[in-house]
Amino acid sequence: MKDAKPFPVLKNDNLLRAARGEVVDRVPVWVMRQAGRYLPEFQELRKQHDFFTVCRTPELACEVTMQPLRRFDLDASIIFSDILVIPQALGITVEMHAGVGPVLPQPIKVPEDLKRLTPDGALSRLSYVGDAITMMRHKLEGRVPLIGFTGAPWTLMGYMIEGGGSKTMSKAKAWLTEYPEDSKLFLSLLTDSIVDYLEMQVKAGAQMLQVFESSAEHLSKEDFLQWGVPYLKRIRDELVDRLTKKAIPVVPMTLFAKGAGHSLKEQSELGYDVIGLDWTVDPIEARNLVGPNITLQGNLDPQDMYRGADELRDLTTEMVHKFGKSRYIANLGHGITPQTPITSMEVLVEAVHKAL
């Protein structure tokens with residue numbers, strides 16, 4: 001997987017230092033979905049190529065990954081891909097429909113449908129992500145670290161049952177009560193694929209990993225602790241165990257469970273180095289809950305990016321002051337939205353770097 005030639009030496013390691021709790025030159029900042037639709041150059045590339053063609057073509061994925069770095073003084077890159085590549089590798093068709101988002105035309109409706117999944121060989125069908133990561137490490141020339149990522153089991157299960165995004169996740173939640181044992185099997189199967197996938201990303205050159213539990217908000221605290229947390233813990237524990245046994249350096253890992261502010265203390269006990277926060281969580285309260293030995297990431301409301309420059313600058317500065325310079329990575333509380341003005345990203349990045 002990895003190129004024969006060694007990777008370039010990392011020049012700006014503030015992101016990794018922050019994740020490990022070491023002293024940083026400046027508060028590092030990156031933005032979820034920073035390579036995406038708010039950039040005109042991304043829109044131009046998408047006019048020529050289907051979304052998943054971009055994901056599956058390492059040269060195109062690297063081009064998109066690089067686009068925000070040409071414009072902004074960011075402290076990290078994140079490989080351009082999608083959380084739904086795992087369902088694809090498991091044999092589920094995923095289409096990206098303009099104005100709608102992902103559509104899975106043949107969802108998993110009943111436990112019998114789980115037999116359609118093809119976990120054997122799934123990792124080999126994701127090799128293009130590893131190829132893109134390795135290529136990107138060289139293209140970055142050590143400028144900033146490269147983040148790899150995955151969707152979390154509950155989030156992926158939700159998409160696969162609902163047939164796309166859902167405001168209620170009612171069909172997926174019904175599985176948890178109607179088919180509890182099959183739900184456990186489903187989540188375990190996804191967990192196995194995720195661990196394989198993340199191990200491959202580290203071997204390919206990912207310097208940090210993020211697990212997106214984007215649909216945690218649809219679960220009560222009790223349900224999140226039952227249907228989210230055990231599998232999130234398995235991902236971290238099994239990956240660390242595998243890498244350690246193979247003498248591969250363990251990279252920092254971030255857990256971002258959107259809407260799970262009710263379980264920050266429990267999240268802090270899962271072994272992740274960084275806990276991502278959405279914009280509903282108060283930074284000071286979050287720090288009190290997770291303690292001093294975990295890095296926090298977040299958590300400006302993406303909607304604040306539509307405010308005037310002065311107001312955005314003040315909000316960003318206030319946020320950084322609340323989190324402090326130690327064990328903190330600045331980010332939005334969810335992905336940047338498509339109509340976000342380019343100038344807002346410039347203001348955000350500059351304000352983070354000047355805040356402390």
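Keep in mind that this is a model prediction, so the values were computed, not measured. Quick note: residue numbers are just sequence positions, from 1.
A salt bridge links R236 with D273: the distance from a Lys NZ or Arg NE/NH1/NH2 to an Asp or Glu carboxylate oxygen falls below 4.0 Å. E41 has a carboxylate O that lies under 4.0 Å from a charged side-chain N of R71, or vice versa, which qualifies the two as a salt bridge. A salt bridge links D196 to R242: one of the charged nitrogens lies within less than 4.0 Å of a carboxylate oxygen. Under the 4.0 Å criterion applied to side-chain N and carboxylate O atoms, R70 and E63 are assigned as salt-bridge partners. Between D192 and R234 a salt bridge is recorded (basic side-chain N to carboxylate O distance below 4.0 Å). Between R20 and E22 there is a salt bridge, with a side-chain nitrogen of the basic residue lying less than 4.0 Å from a carboxylate oxygen of the acidic one. Taking a cutoff of 4.0 Å between a charged side-chain nitrogen and a carboxylate oxygen, D113 and K109 do not qualify as a salt bridge. Look at R307 and D304 and you find a salt bridge, because one of the NZ, NE, NH1 or NH2 atoms lies within 4.0 Å of a carboxylate O, short of that distance.
Contact detail for Q207 and P252: the closest heavy-atom pair is O-CD, 3.4 Å. Across L146 and I79, no two heavy atoms sit closer than the pair CD1-N, 3.7 Å. The two residues S263 and F224 come nearest to each other via the heavy atoms OG-CD2, 3.6 Å. When all heavy atoms of Q210 and I147 are compared, the closest pair comes out as N-CG2, 4.2 Å. Contact record, A35 with T65: CB-CA, 4.3 Å, taken as the closest heavy-atom pair. Annotation for P102 and L84: closest pair CB-CD1, 3.3 Å, computed over non-hydrogen atoms.
Hydrophobic cluster membership for V103: V100 (Ile, Leu, Val, Met, Phe, Trp, Tyr linked by side-chain heavy atoms under 4.5 Å, directly or transitively).
Looking at S215, its side chain never comes within 3.5 Å of a backbone N or O of T155 through a donor-acceptor pair. Between the T150 side chain and the I194 main chain, no donor and acceptor come within less than 3.5 Å of each other. In this structure a side-chain-to-backbone donor-acceptor pair under 3.5 Å is missing from T340 to I336. Judged by distance alone, the side chain of D282 and the main-chain N or O of E285 form a donor-acceptor pair under 3.5 Å. Judged by distance alone, the side chain of Q34 and the main-chain N or O of A76 form a donor-acceptor pair under 3.5 Å. Panel note: side chain Q43, backbone R37; a donor-acceptor pair is recorded below 3.5 Å. Side chain of D50 to main chain of T53: a donor-acceptor pair is present (N/O by atom type, distance under 3.5 Å, no hydrogens or angles). No donor-acceptor pair closer than 3.5 Å links the side chain of T57 to the backbone N or O of E59. Between the side chain of S127 and the backbone N or O of S124, at least one donor-acceptor pair lies under 3.5 Å. At least one donor-acceptor pair under 3.5 Å links the side chain of K11 to the backbone N or O of E141.
A single hydrophobic cluster is seen to contain both V240 and Y197, as judged by linkage of ILVMFWY side chains at heavy-atom distances under 4.5 Å, directly or through other members. Transitive grouping of hydrophobic side chains (ILVMFWY, heavy atoms separated by less than 4.5 Å) brings V144 and V27 into a common cluster. One hydrophobic cluster holds both I86 and L114 under the rule that ILVMFWY side chains link at heavy-atom gaps under 4.5 Å.
Inter-residue side-chain proximity for Q267 and V290 is flagged as unmet; no heavy-atom pair is nearer than 4.5 Å. L348 has its side chain out of reach of F72: every pair of non-hydrogen atoms, C-beta onward, lies at least 4.5 Å apart. Between L45 and V64 the shortest side-chain heavy-atom distance falls below 4.5 Å. Counting heavy atoms from C-beta outward, Y128 and L126 have side chains that approach closer than 4.5 Å. At least one side-chain heavy atom of Y179 sits under 4.5 Å from a side-chain heavy atom of P111. Between T337 and Y38, the closest side-chain pair of non-hydrogen atoms is not below 4.5 Å. Taking 4.5 Å as the limit, every side-chain heavy atom of Q297 sits out of range of all side-chain heavy atoms of Y328.
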Checklist entry - Could you go step by step and tell me if H218 and D223 meet the side chain to side chain donor-acceptor pair (under 3.5 Å) rule? => result CA-CA 9 Å; H218 297 290; D223 283 343; over 6 Å; no
Next on the checklist: Show, in sequence, the C-alpha distance, side-chain angles and deciding distance for E269 and K233, and conclude whether the salt bridge (charged side-chain N to carboxylate O under 4.0 Å, His left out) test is met.
Outcome noted: CA-CA 9 Å; E269 294 163 355; K233 180 167 174 53; over 6 Å; no
Next on the checklist: Run the side chain to side chain contact (heavy atoms under 4.5 Å, CB included) test on F51 and E95 for me, step by step, so that the C-alpha distance in whole Å, both residues' side-chain angles and the decisive distance to 0.1 Å come before the verdict.
Outcome noted: CA-CA 9 Å; F51 179 86; E95 301 164 354; over 6 Å; no
Checklist entry - After noting the C-alpha distance and the side-chain angles of F149 and F80, does the key distance pass the ring-ring contact (aromatic ring centres under 6.0 Å, His included) rule? => result CA-CA 9 Å; F149 70 93; F80 184 77; 8.8 Å; no
Item to check | Y159 and I83: CA distance, side-chain angles, deciding distance, side chain to side chain contact (heavy atoms under 4.5 Å, CB included) verdict | outcome: CA-CA 10 Å; Y159 273 100; I83 64 169; 4.0 Å; yes
Checklist entry - Please walk me through it: do I342 and L39 pass side chain to side chain contact (heavy atoms under 4.5 Å, CB included)? => result CA-CA 7 Å; I342 299 290; L39 292 173; 3.7 Å; yes
Checklist entry - Step by step, would you call L90 with L189 a side chain to side chain contact (heavy atoms under 4.5 Å, CB included)? => result CA-CA 10 Å; L90 290 170; L189 182 150; 3.9 Å; yes
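D82 CG to Q88 CD: the interatomic distance, rounded to the nearest 0.5 Å, is 7.5 Å. Atom OH of residue Y272 and atom CE of residue M253 lie 4.5 Å apart, to the nearest 0.5 angstrom. A distance of 7.5 Å separates OG of S268 from CD of E266, quoted to the nearest 0.5 Å. Atom CG of L185 sits about 11.0 Å away from atom CG of L190, to the nearest 0.5 Å. Atom CZ of F42 is separated from atom CZ of R33 by 11.0 Å, given to the nearest 0.5 angstrom. The OG atom of S77 lies 13.0 Å from the NZ atom of K139; values are rounded to the nearest 0.5 Å.
Ring-plane geometry between W279 and H334 is classed as tilted, the angle between the planes lying from 30 to 60 degrees on a 0 to 90 degree scale.
Applying the 6.0 Å contact sphere to NZ of K171 captures no more than 12 heavy atoms from other residues, nucleotides or ligands. Within 6.0 Å of the CG atom in D25, the count of heavy atoms belonging to other residues, nucleotides or ligands does not exceed 12. Counting heavy-atom neighbours within 6.0 Å of Q48 CD, excluding the residue itself, gives a total above 12. Residue K245 qualifies as open at atom NZ: its count of foreign heavy atoms under 6.0 Å is 12 or below.
Partners of E350 under the side chain to side chain donor-acceptor pair (under 3.5 Å) rule, at least two apart in sequence or in another chain, are K354.
A side chain to side chain contact (heavy atoms under 4.5 Å, CB included) with L270 is found for one member of I235, V211, I275, L255 and no other, namely L255.
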